[in-house]
Amino acid sequence: MPLLDVQSLVTEFPGAPGGPGNRAVNEVSFAVERGKVLGLVGESGSGKSVTGFSIMGLVDRPGRVTGGRILFDGQDLASLSGEEMRQLRGRRIAMVFQDPMMTLNPVLTIGTQMTEAITAHEKVSRAESRARARDALGQVGIPSPEERLSAYPHEFSGGMRQRVAIAIALLHNPDLIIADEPTTALDVTIQSQIISEFQRLAETHNTAVIWITHDLAIVSRLADDIAVMYSGRLVETGPVSDVLTDPRHPYTAGLIGSVPSQNTRGTRLRQIPGMTPSLGRLPSGCAFRTRCDRATEACATVPPPETHEGARGFRCIHPVHPELLTQ
Amino acid sequence: MSNADTTPIAPEPLARQRIIQYLSAPGAAIGMTLLVVIVLLAVFAPLISPQNPYDLMQLDIMDGRLPPGSESYSGMPYYLGTDNQGRDILSGILYGLRTSLIVGVFSAIAAALIGTTLGLLAAYVGGRTESLLMRLVDLQLSFPTILMALMMLAVLGKGVQNVVIALIIAEWATYARTVRGTALVEREKEYIEAARCLRLPRWRIVFRHLLPNCLAPVIVIATMQVARAIGLEATLSFLGLGASVTEPSLGMLISNGYQYLLSGYYWISFFPGIALLVTIVAINLAGDRLRDILNPRNI
Amino acid sequence: MITSLIRRSIQALFVILAMTLIVFIGVSVIGNPVDILINPDANAAERTRVIAHYGLDQPLWRQYAIFLQGLLHGDFGDSFVYGRPALGLILERMPATLELAFSALVIALVVGLPLGLYAGLYPDRLSSRVIMSGSILGFSLPTFWVGLMFILVFAVELGWLPSNGRGDTAELFGVRWSFLTGDGMRHLLLPALNLALFKTSLVLRLTRAGVQEVLPQDYIKFARAKGLRESRVISVHVLKNLMIPVVTIIGLEFGSLIAFSVVTESIFAWPGMGKLIIDSINLLDRPVIVAYLMMMVLLFVALNFLIDICYTLLDPRVRMDGRA
C-alpha cells in the first residue's frame with residue numbers, strides 16, 4: 001500500500017458567477033511510496049502547487065477540493081475532522097514553501113516559530129522544545145544554533161531561511177514532505193546544498209517526498225518518479241529514467257527539449273510555442289493541442305484518456321514514438 | 001496578434017464602458033442618483049422651496065417652533081416644521097444645502113489646485129524646494145484637520161470666507177503628498193523621457209504630460225474631500241465659527257436647534273442633520289466606487 | 001537605538017520651534033493683535049499704552065524673542081476674560097479632556113478591533129457586510145449631530161443619562177476624575193461614545209484591511225502547514241503583524257481625539273480644554289488661544305515621538321535599522 005494515494009483529485013475555484021468552476025486540479029491521480037521521491041513537474045499555473053495544498057487541506061478560499069480521494073496511510077483525508085487534519089499537518093505531512101523570504105513571520109523570532117511547531121503537537125516543556133529546536137537547526141547546518149534561536153528572520157539570508165523552514169518541516173520526522181519549489185528562489189550553489197541536504201534527510205528517515213518544480217534537472221537528480229502536469233491534468237507519469245529519456249507526451253518532450261543542456265551548441269534553443277492557457281478558457285479536448293505540432297482534429301473532441309504502458313501512463317492520442325505502442 | 005488589437009479604442013465607447021462599469025455597483029448607483037437629486041435641489045432651491053428663508057419679510061415670529069406638518073396663518077404647510085423665528089425648516093435646508101455644497105466644492109477644488117501644483121513642483125524640481133515643501137506637508141499632516149482649521153480661525157477670525165480659507169489650508173497637503181508620490185513614479189516613465197528628448201519646455205512637460213497622468217488620485221481625493229469639507233464646515237458653523245445667522249448653512253441650522261433640543265423641539269436640528277448625513281453618505285458612496293475604478297493598482 | 005533617539009529628539013525640537021514661528025506669525029503678523037487686544041472705543045492714549053505694554057511697538061524679531069522667552073517660562077500672559085495665567089487655565093482643564101479622549105480611544109479599540117478582525121477573517125458573511133456598511137455610516141455621520149441625537153434620545157426622551165457636565169468627581173494623583181464615581185461614569189458615557197464613533201469606524205476598517213493584507217501571506221499558510229491551532233495563527237501570527245499599524249493609529253488618533261473633543265465638549269458642556277478654546281476664539285482671548293495651540297503642538301510632537309519608540313519595540317526590522 002502506497003503511503004499517499006491520490007485518486008481523481010479535483011480542486012475547483014469558482015469561475016464567473018453562475019458558470020462552472022475552474023478546475024485548477026482536474027482528475028489527478030498518483031501515488032507515492034515511503035522513502036521515494038516524486039517529482040511533480042509543470043509550468044507555473046499548471047496546478048502543481050494547488051495539488052500540494054489540496055493534500056495539506058490548505059487550499060485558499062474560495063477554492064476547494066470537490067472530487068476524488070486522498071488516501072494517506074490508508075485513511076481518507078476527507079473523512080478527518082478539522083482538528084484531526086490539523087494534527088496531521090506538520091506532524092505527519094510537512095510542507096516547505098517556494099519563497100523563503102515570505103515563509104517566516106517577520107515579527108516573531110526563529111525560536112518562537114520553531115517551538116510553537118513542536119508544542120502544537122506534543123506536550124513538552126519550554127526548555128525541551130527549545131533544545132529540540134536548537135538541535136534541528138544544527139541538523140540543517142546552521143552555525144551557532146543556540147544564538148540564532150532568538151534572531152528574527154530578516155537577520156538570515158535566503159538560503160539560511162530555507163534551511164530554517166526545512167528544519168521546521170523535519171521537526172516531527174514526518175512521513176511525507178511536500179516541497180513546493182524550495183530551491184527556485186535560491187542561488188545555484190545554495191540550491192545544490194539544499195537538495196543534497198534534503199536527499200540525505202529523506203533517506204535517513206525513510207520519508208516520502210513530493211518535490212514540486214519546473215526544473216527537470218533537479219527531478220532527474222533527485223526523484224524516483226515523475227508526474228508532468230499541464231493545465232490541471234497529469235499528462236504523463238512514470239519512472240524518471242524512462243520518462244526523461246523516452247517521453248511519450250509531446251508536452252513532456254517539449255519540456256525536455258527546452259532544457260539548454262539538451263540542445264546542441266550553436267543551434268537555436270527549442271521552445272514550446274504559445275503560452276499556458278488560462279483556466280477559464282481552456283481549449284476543448286486536449287488542453288495542449290493549440291501548442292502542439294502533432295495535434296489533429298481528433299484532439300479537439302474529448303480529453304484524451306490515459307494510456308498505460310507498464311509503470312508509465314500518458315494522456316495523448318498521438319504519442320511520441322508511436323511504433324513502441326504495440327498493445 | 002492581429003491589427004485590430006493595436007488600433008486605439010475610440011474614446012466614446014471607452015467612456016461609456018467606464019460609466020457602465022461605475023454604475024454597475026448598487027452603492028455607487030444609489031450614491032450618484034442621490035447626489036444628482038441633492039445638487040438639483042440646491043441649484044433650484046429658490047424655485048422650489050416654499051419660502052425664502054433669507055427674506056425676513058416672509059418670516060412670522062408667530063409661526064415659531066411649529067411641529068412638522070403644521071400650517072402657517074396663511075395656510076402654507078410646514079412639512080418639516082419651523083424654527084424659533086418661524087422659518088420653514090424645509091426651505092432652510094434647501095438654501096442651506098447651497099451654502100454647504102458651495103463651501104465644500106469650492107474649498108476642495110481650491111485645495112486640489114494648490115496641492116497639485118505644489119506636489120508637481122516638488123516632484124519635478126526636486127532638491128531643496130522639494131524637501132522644504134515636503135517637510136511642510138509632513139508637519140501639517142501630523143496635525144488633525146480640525147486643529148488646523150481652528151488655528152486658522154483663531155488667527156483670521158470667524159466667518160464663512162475664513163472657514164473656506166481654513167479648509168483649503170487644512171487640506172492642500174494631502175493632495176501635495178499624493179501628487180508628488182504619483183509624479184515621482186510617472187517621471188521615470190518613458191513618455192517623459194521622450195518629451196525631454198524632444199526638448200519641450202519644462203512647464204509643458206509638467207502640465208501637459210506629467211499632470212494628466214497624476215490626475216486619477218487627485219479626483220478620488222477631491223471627491224472624498226468635498227464630503228469632509230462639508231462635514232467640517234457644518235462642524236465649525238455649529239461651533240459658531242462659520243456661517244452667519246442670516247445665511248444659514250446646514251451646520252448653522254442644526255446649531256440653531258441645539259438650544260431647543262432639551263425642550264423637545266427635535267425637528268429644528270433633526271431634519272437639517274438628516275440632510276447633511278444624506279449628502280455626505282451620497283458623496284462617500286459615489287467616491288468609494290470611483291476609488292475602486294480609478295485606483296491605479298486596479299487598472 | 002540611542003543615536004536614533006537623539007536624532008529624533010532634535011527633529012522634534014525643530015518641529016516645535018517651527019510651530020512657534022508659525023503660531024507667532026499667525027497671531028502677531030497676519031491677525032492684527034492691536035485690533036484683538038484693544039477695545040475699539042479706546043482713545044489714542046489708551047491705545048499707545050496697551051501697545052507699549054504688550055511690546056507691540058518693538059521690531060518683530062524682538063517680539064518673537066519675547067514670545068519665545070515667555071514660552072520657555074510657561075508664560076503666555078493672562079487671559080483677558082479670566083484675568084489669570086492662560087497656561088494655568090489650560091492645565092486646569094486638561095484632565096477632563098484627557099479623560100474624555102482616553103475613554104473614547106478605549107471604546108474605539110474595544111469595539112473596533114474585534115469587529116474589524118471578524119470582518120477581515122470572514123469577509124463573505126452577511127454579518128461582516130453589515131459591519132462594513134455600519135462603518136461607512138460611522139464615517140459619514142457628522143459627530144456633532146450624532147451628539148445632539150444622543151442627547152435627544154438618551155437624555156430628553158428616555159431620561160437615562162445626563163447630558164451635560166462631568167458629574168461627581170473623585171481625586172486621584174491630585175487630579176479630579178469622573179470615571180471614579182458612578183455619577184461621573186454616567187456623565188462620561190454619552191460624550192465618550194459620541195467622540196468614539198468616528199474612530200471606531202476607522203479602527204475597524206484599518207484592522208480589517210490589515211487582516212486582509214496579512215492573511216494571504218505565505219507565513220500564515222506556513223504557520224497553518226506547521227499544524228498550529230487556528231486560535232494561535234490568529235492571535236499570534238496575524239495579530240502581532242497587525243499591532244504595528246494599530247499602534248500608529250492609536251498614537252495619532254489619540255491626538256486627533258483631543259482635537260476633536262472640541263466639538264463633543266461643546267455639545268455636552270464638558271469642562272475641558274476644547275470648550276475653553278472655542279469660548280476663547282469667540283471672545284478673542286488671545287493668550288489662551290496661543291497657550292492652547294502651543295500645548296497641542298507639544299502634545300503632538302510628544303505623541304509622534306512615543307509612536308516611533310513603540311514602532312521600534314514592535315517591529316524587529318525597524319530595530320535593526322536603528323542600530324545600524
Side-chain angles (χ1 to χ4, degrees), chain B residues 27 31 135-136 138-158 224 227-228 230-241 250-251 254-255 257-258 261-266 268-270 272-285 288, chain C residues 14-15 18-19 22-23 25-31 35-36 133 136-137 139-149 151-153 155-157 163-164 198 252-253 255-260 262-263 266-267 274 277-282 284 286 288-290 292-293 296-297 300-301 303-304:
Chain B
R135 275 288 154 89
L136 197 62
D138 286 342
L139 187 67
Q140 176 144 14
L141 288 182
S142 62
F143 296 93
T145 329
I146 190 152
L147 190 66
M148 291 306 301
L150 280 180
M151 238 182 228
M152 292 316 301
L153 289 174
V155 169
L156 300 171
K158 300 187 278 185
M224 299 301 189
R228 285 189 54 174
I230 289 177
L232 206 55
E233 186 276 331
T235 306
L236 293 169
S237 290
F238 173 77
L239 293 173
L241 304 175
L250 291 176
I254 298 171
S255 176
Y258 174 44
L261 201 65
L262 293 175
S263 332
Y265 302 111
Y266 71 92
I268 308 178
S269 283
F270 180 74
I274 293 287
L276 183 63
L277 173 65
V278 171
T279 309
I280 296 176
V281 169
I283 298 174
N284 279 345
L285 280 177
D288 239 1
Chain C
F14 268 107
V15 171
M19 287 309 289
I22 291 172
V23 169
I25 291 174
V27 177
S28 304
V29 183
I30 301 177
D35 291 349
I36 297 172
S133 312
I136 291 193
L137 202 63
F139 262 139
S140 303
L141 282 167
T143 304
F144 67 98
W145 184 70
V146 175
L148 295 187
M149 293 305 117
I151 292 181
L152 184 68
V153 174
V156 179
E157 294 296 322
S163 69
N164 70 59
F198 185 88
L252 288 176
E253 295 310 318
S256 149
L257 277 171
I258 290 178
F260 270 96
V262 165
V263 182
S266 298
I267 298 168
I277 181 68
I278 292 300
D279 293 344
S280 302
I281 292 177
N282 275 319
L284 297 174
R286 177 172 164 264
V288 179
I289 296 172
V290 172
Y292 175 81
L293 292 181
M296 291 309 271
V297 170
F300 272 85
V301 170
L303 276 174
N304 277 319

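A, B, ... follow the sequence lines: proteins, then strands. Residue 1 opens every chain. All heavy atoms count here, side chains included; hydrogens, waters and symmetry mates do not.
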Chemist: Testing the basics here: between B/Pro144 and C/Phe300, what is the closest heavy-atom pair and its distance to 0.1 Å?
Modeler: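 Looking at all heavy atoms of both residues, the closest pair is CD-CZ, 3.1 Å.
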Chemist: Please state whether the side chain, the backbone, both or neither of B/Ala227 comes within less than 4.5 Å of a heavy atom of chain C.
Modeler: neither
Chemist: Is there side-chain contact between C/Val15 and C/Asn304, with heavy atoms separated by less than 4.5 Å?
Modeler: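 The answer is no, as the side chains (C-beta and beyond) never meet within the 4.5 Å cut-off.
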Chemist: If you count heavy-atom pairs under 4.5 Å between each of C/Ser266, C/Ser133, C/Ser280 and chain B, which one has the most?
Modeler: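 Top option by heavy-atom pairs under 4.5 Å: C/Ser266.
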Chemist: Are B/Val278 and B/Ile274 side-chain neighbours, meaning at least one heavy-atom pair lies under 4.5 Å?
Modeler: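 Yes. Closest side-chain heavy atoms under 4.5 Å.
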Chemist: At a 4.5 Å cut-off on heavy atoms, which part of C/Val297 comes close to chain B: side chain, backbone, both, or neither?
Modeler: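 Contact with chain B: backbone and side chain both.
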Chemist: So which residue, B/Thr235, B/Asn284, B/Leu153, ends up with the most heavy-atom pairs under 4.5 Å with chain C?
Modeler: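 Maximum pair count with chain C is reached by B/Thr235.
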Chemist: Is the shortest side-chain heavy-atom distance between C/Tyr292 and C/Val262 below 4.5 Å?
Modeler: yes
Chemist: At a heavy-atom separation under 4.5 Å, does C/Leu148 approach chain B through its side chain, its backbone, both, or neither?
Modeler: both
Chemist: Given a strict heavy-atom distance threshold of 4.5 Å, which part of B/Ile283 is in contact with chain C: side chain, backbone, both, or neither?
Modeler: neither
Chemist: For chain B, which of C/Ile267, C/Val146, C/Val290 has the most heavy-atom pairs under 4.5 Å?
Modeler: C/Ile267
Chemist: Rounded to the nearest 0.5 Å, what separates atom CZ in C/Phe260 from atom CD1 in B/Ile146?
Modeler: 4.5 Å
Chemist: Nearest 0.5 angstrom please: B/Met224 CE to B/Ile280 CD1, how far?
Modeler: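 The CD1 atom of B/Ile280 is 12.5 Å from CE of B/Met224, to the nearest 0.5 Å.
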Chemist: Give, for atom CG of B/Leu136 and atom CG of B/Asp138, the distance between the pair rounded to the nearest 0.5 Å.
Modeler: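 B/Leu136 CG to B/Asp138 CG: 9.0 Å, rounded to 0.5 Å.
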Chemist: Please look at C/Ile258 and chain B and tell me whether the side chain, the backbone, both or neither of the residue comes under 4.5 angstrom of a heavy atom of that chain.
Modeler: neither
Chemist: Which bit of B/Leu150 is near chain C, if near means a heavy-atom gap under 4.5 Å: side chain, backbone, both or neither?
Modeler: both
